[in-house]
Every structure is written in structure tokens, then in C-alpha cells.
Amino acid sequence: MASKLNLEHPRDQITKIISRIYKRGMTTTSGGNISIIDDNGDIWVTPSAIDKGSLKASDIICVRKDGTVVGKHKPSSEFPFHKAIYDIRPDIKSVIHAHPPALVSFSIVRQIPNTNIISQAKHVCGPIGYAPYELPGSHKLGDVIAEEFKKGFKAVIMENHGTVLGGSDLNDAFERFEALELCARTILYGSQIGTPNYLTDDQIEQFESQTQSTLPEMKTTEYPSDEVEKRLEICNIVKRSCEQGLMISSYGTVSMRWKGDDFLITPTHVNRWDMAIEDIVQIKDGQREAGKNPSRATWIHQEIYKRNPKVNSIIMTQSPYLMAFSVTKSYLNVRTIPESWIFLQDIPMVEYGTHFKANNNSQIIDDCTTALIIENDSVIVTGDKLLQTFDYLEVAEFSAKSIVLGASLGNMVPINDDQVEELRKKFLT
């Protein structure tokens, strides 16, 4: 994914990303470390034994190219393998190491998550390496990790330890980190309710290479206040989705109807965490705002708006518990609690590939349901107000999570037909 020009100081970049990782529950107070190597060859790195939940820019350490340490703390004990990676791979400018639970699960059973579980993950993560166990903080650990990076990997599972990922910058490394943990969670959660199915390399290539006609550019674009207000609303929901674990840096599309069949939509190849109102793309009279590339799913949103006049907002994303159903082709029965059935009623599933523009699948765009799952790809949620649509997404994800977690207790007992009829009469008529 292309990154915007980043003029943030390495200290600020590191504290921002470590905070995201910690708040998302993907590292502990004491665990994990991040570094950036700058153009001078100096390495900026998180400190040793300092609370990751309250790290400040002033806590970040600089290890100069000559080995001089600048800062009020000791550099991370894992600094040796960060330096080893930079020494062997000059194309890598940032490294993330952490102990996210799902990837640790793979590391302790000594497996590598298969990124063919979700359509775009293989291209985001790249091939995954595997480093045998060595003592944390040791030069031997640095050697075995560097050996994997020497093979061309940018993501490595560390045996009985966690994971380490590199990137062309910190955002690139974090996108890879998020996508790999999502793959691991999806496989784990899917295994609780069924057998995960994987895409073939050919299916993934078809997804990546599908030809979608580019909308023509507008000659001029107007930005009245109501349009700008919708841009801000989209950005707020995208950020909230990321914070709630319902969206990741590299995937997720949000749109809002503006006037008639004109709408606003998130762009492609822009980090979702950092999306700004100027990134949002206006689609008017079948044309796109000049100089911007809307989501590759724009055609789906456009057709839904054209054929479903009551739909005024759409979220298309990959949330981990809903994806567990997507990759196992398991039916998501939302007769869990009254709220779930009232909001969602039924969540159909369509086959992988039906979301390609060439197929123009009517199951997705005609008389669309509140939520729909695409196998090994995503969930599409529609509604009136965007906050309402986001609520539907949360309810769907919570319903899926309850079923996945409850699977170890026994078979789900759904609300029965008589109870559903009572709900229908009271809330839907």
C-alpha cells in the first residue's frame, strides 16, 4: 500500500503505533518493541522495561550509527535483532516485534498461518518465514531472524515467542502486522465452528488482476457544507472501526449517499487509521473526483445505491469473528438475542468471486439485506444513517463472537419461531 509523505519524527511515529498495538490488545505492558532506521543510519527504538500503555515520545531511544545511545532509558533488550535485520536488508526501514495472542498461538504449535485464508492478505503480508527458538535478547536470536529476512521475508514467526515484521516504513510494517494477526485470528475462530477453507493462488490472482473500468474524472468538483460534513462522518467511523478491531489499515470501505445516486467513498491504497477528509472520493453522475482513486469496491456501492433507494450508507470490511463464518461457509444464525434478530434478521452468504465486477451478482446488489457475507473476502452492511450501519456491524460481529465463544460449551439454542414472531409483531410492524 502506498504511504503518504510522513514528516512525523520517528519518536512520534513509534509512540503512535505502539499505542495502537497496545490498545488493540496485541501486546502487553512490558512486551513488544518497535524501531525505525532514519536516513542517517541512526536507529530509533522503544525503551526496555517502560510501560507500553503510556509511552511518550521522550521515552524513545536513539542508537546512533556509531553505537552511541541517546535517551533517558536503555534501548529494548531485543535491539540486537532489529539491528541485524537492518544490516542484512537495507530496503527495510522499520521493524515491529510483538506477542499478539493469535500469532503466538501459531508460534507455540510451530505453525505458520496460511494467508490464503483472506483474498488480499497474501499480497499485504507476503511469504512468511519461521525462526527457530533462541534466547530473547541474544545475538543468536538476531542471527536466526536475520537469516530469515535474508531469504526475502518481511514477516517471520518466532518459535515460542511471537512475530517480527519489517516494512518500507512504519505504516507498511504495521499494515503487515495487522493483516497477519487478522489471518491468524480468522483461522483460529473459524476452527471453533468448522473447517477453514483456503483460496487457491489462482483465485487470489483473479482478485488482484480483475479489470474494473476506471470511472472518468470530473472536470470540476464542488464541496458544499453538507458534503464536507459527510466526509468527516466517514472518517470518524473509519477510525472508530479501526479502534474497535472491525477494520484494519489495509482493508475496509465506507460510503455515504450524498444526493440522488451520488455518493462519497473511501479511497484505495490509503491507510485506514490515518484517513483524512481530503482522502475521501466524491462520485457524482458516474464520475470520480479528479486525481483520486476510489475503493475497488466502488461499483458494488454504486449499484446498491442505484437499486436500493432506502440504503444511504454502506460498510464493507473484515471483522475477525464474522470472517470466521466467511472462511468456513458456516451459517450465521442471528437468533442469539432479541437485538441481533431485530437488527439483522438473516445474513446470507455468497460465493467467492461473485463480488467481481464482471459477475455483477444480483445477490449482492438487488434488494440487499442488512448484512451479507462474501466467502473468504468480507462482510457488507447497509443502512440509513452511517452510525446506524456501524451499529449493525457491531451487532453482527458481537453475534458471531458469541457463537464462536459458545461453541466450546455446546450447541447453540436459538430463539424459537414463536419468540421470533413476537419480536416481529412488536418491533417490525
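The figures that follow rest on heavy atoms only: side chains count, while hydrogens, waters and symmetry mates do not.
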Looking at Glu227 and Arg231, is there a salt bridge between them, counting it only when a charged N and a carboxylate O are closer than 4.0 Å? yes
Please find the pair of heavy atoms, one from Lys52 and one from Gly32, that lie closest to each other, and give the distance. CE-O, 3.0 Å
Within the 4.5 Å heavy-atom criterion, are Pro100 and Leu180 side-chain neighbours or not? no
Test item: Ser295 side-chain N/O and Ala297 main-chain N/O as donor-acceptor pair under 3.5 Å: yes
Got Val254 and Thr317 here, is their nearest side-chain heavy-atom distance under 4.5 Å? no
Would you list the pairs meeting salt bridge (Lys or Arg N to Asp or Glu O under 4.0 Å) in which at least one residue belongs to residues 330-349, sequence neighbours left out? Arg335-Asp417
Could you tell me whether the side chain of Thr163 and the main chain of Val156 form a donor-acceptor pair under 3.5 Å? yes
Inter-residue atom distance Ile365.CD1 - Thr382.OG1, 0.5 Å rounding: 13.0 Å
Within 6.0 Å of CD in Glu243, more than 12 heavy atoms from elsewhere: yes
Before giving the answer on side chain to side chain contact (heavy atoms under 4.5 Å, CB included), spell out for Gln111 and Tyr130 the whole-Å C-alpha distance, their side-chain angles and the decisive distance to 0.1 Å. CA-CA 8 Å; Gln111 294 181 24; Tyr130 185 89; over 6 Å; no
Would you name the heavy atoms of Pro267 and Arg272 that are closest together and state the gap between them? O-NH2, 4.1 Å
Report yes if the side chains of Ile34 and Gln13 come closer than 4.5 Å at any heavy-atom pair, otherwise no. no
When every non-hydrogen atom of Ala121 is compared with those of Cys183, the smallest separation belongs to CB-SG, 3.3 Å
So which heavy atom on Asn116 is nearest to which on Asn376, and how close? O-ND2, 4.5 Å
Atom OH of Tyr392 and atom CG of Asp384: how far apart are they, to the nearest 0.5 Å? 8.0 Å
Does the side chain of Phe325 come within less than 4.5 Å of Val379's, by heavy atoms? no
dist Asp172:CG -> Ser250:OG (nearest 0.5 Å) comes out at 10.0 Å
Between Ser94 and Ser35 (side chain of the first, backbone of the second, donor and acceptor by atom type, cut-off under 3.5 Å), is there such a pair? yes
How long is the span from the CD1 atom in Ile234 to the CE atom in Met275, to the nearest 0.5 Å? 9.5 Å
How close do Thr298 and Leu215 get, counting heavy atoms only, and between which atoms? CG2-CD1, 4.1 Å
Sub-6.0 Å ring centroid separation between His97 and His161: yes
Passes side chain to side chain contact (heavy atoms under 4.5 Å, CB included), Ser249 versus Asn171? Steps please. CA-CA 9 Å; Ser249 302; Asn171 280 334; over 6 Å; no
Do His82 and Asn33 have side-chain atoms, one donor and one acceptor, less than 3.5 Å apart? yes
May I have the step-by-step check of salt bridge (charged side-chain N to carboxylate O under 4.0 Å, His left out) for Glu421 and Arg424, ending in yes or no? CA-CA 5 Å; Glu421 188 57 31; Arg424 188 190 307 279; 3.4 Å; yes
Ile187 vs Phe106, test: side chain to side chain contact (heavy atoms under 4.5 Å, CB included). Steps then yes/no. CA-CA 10 Å; Ile187 294 166; Phe106 277 84; 3.9 Å; yes
Check: Thr15 main-chain N/O paired with Ser19 side-chain donor or acceptor under 3.5 Å: no
Counting only heavy atoms not in Lys122, do more than 12 sit closer than 6.0 Å to its NZ atom? yes
Any donor-acceptor pair under 3.5 Å linking the side chain of Asp59 with the backbone of Lys56? yes
Is it the case that the side chains of Gln120 and Gln318 hold a donor-acceptor pair, with the cut-off being a distance below 3.5 Å and no angle test? yes
Does any N or O in the side chain of Arg89 come within less than 3.5 Å of the main-chain N or O of Phe149, such that one atom is a donor and the other an acceptor? yes
Please test Thr389 against Ser313 for side chain to side chain donor-acceptor pair (under 3.5 Å), starting from the C-alpha separation and ending with a verdict. CA-CA 7 Å; Thr389 303; Ser313 60; 2.6 Å; yes
Does this structure show an ion pair linking Glu422 with Lys426, if we count only N-O contacts that are shorter than 4.0 Å? no
Rounded distance [0.5 Å steps], OG in Ser255 versus CG in Asn312: 10.0 Å
Rounded to the nearest 0.5 Å, how far does CD1 of Ile283 lie from CD of Gln302? 7.0 Å
Take atom OH of Tyr198 as the centre, draw a 6.0 Å sphere, and report whether it contains more than 12 heavy atoms from other residues, nucleotides or ligands. yes
Arg257 versus Phe263, closest heavy-atom pair with distance: CA-CB, 3.8 Å
Do the rings of Tyr352 and Phe207 sit parallel, tilted or perpendicular, given the 30° and 60° boundaries? tilted
Is Lys306 paired with Asp261 through a side-chain N to carboxylate O contact shorter than 4.0 Å? no
Return yes when atom CG of Asp226 has more than 12 non-hydrogen atoms of other residues, nucleotides or ligands closer than 6.0 Å, and no otherwise. yes
Pairwise side-chain contact, Trp341 with Leu428, heavy-atom cut-off 4.5 Å (strictly under): yes
Is the closest side-chain heavy-atom distance between Met323 and Tyr189 below 4.5 Å? no
Can you list every salt bridge (Lys or Arg N to Asp or Glu O under 4.0 Å) pair that touches residues 150-164, not counting sequence neighbours? Arg110-Glu159, Glu148-Lys151
Do the side chains of Leu246 and Phe390 get nearer than 4.5 Å, heavy atoms only? yes
I'd like to know whether Glu178 forms a side chain to side chain contact (heavy atoms under 4.5 Å, CB included) with Arg24, so could you lay out the CA-CA distance, the side-chain angles of the two residues, the decisive distance to 0.1 Å, and finally the verdict. CA-CA 10 Å; Glu178 272 193 311; Arg24 284 279 307 279; 3.1 Å; yes
Does atom CD (Glu351) have a neighbourhood of more than 12 heavy atoms from anything else shown, all under 6.0 Å? no
Is Ser326 reaching over with its side chain to a backbone N or O of Ile374, donor-acceptor style, under 3.5 angstrom? yes
Would a 4.5 Å heavy-atom cut-off, applied to side chains only, mark Thr336 and Met412 as touching? yes
Using atom types as modelled and distance alone, determine if a side-chain donor or acceptor of Gln192 lies under 3.5 Å from a backbone N or O of Ser408. no
Check whether any side-chain N or O of Glu375 sits under 3.5 Å from a backbone N or O of Lys329 as a donor-acceptor pair, and report yes or no. no
Using atom types as modelled and distance alone, determine if a side-chain donor or acceptor of Gln282 lies under 3.5 Å from a backbone N or O of Leu264. no
Between Glu208 and Arg296, does any NZ, NE, NH1 or NH2 come within less than 4.0 Å of an OD or OE carboxylate oxygen? yes
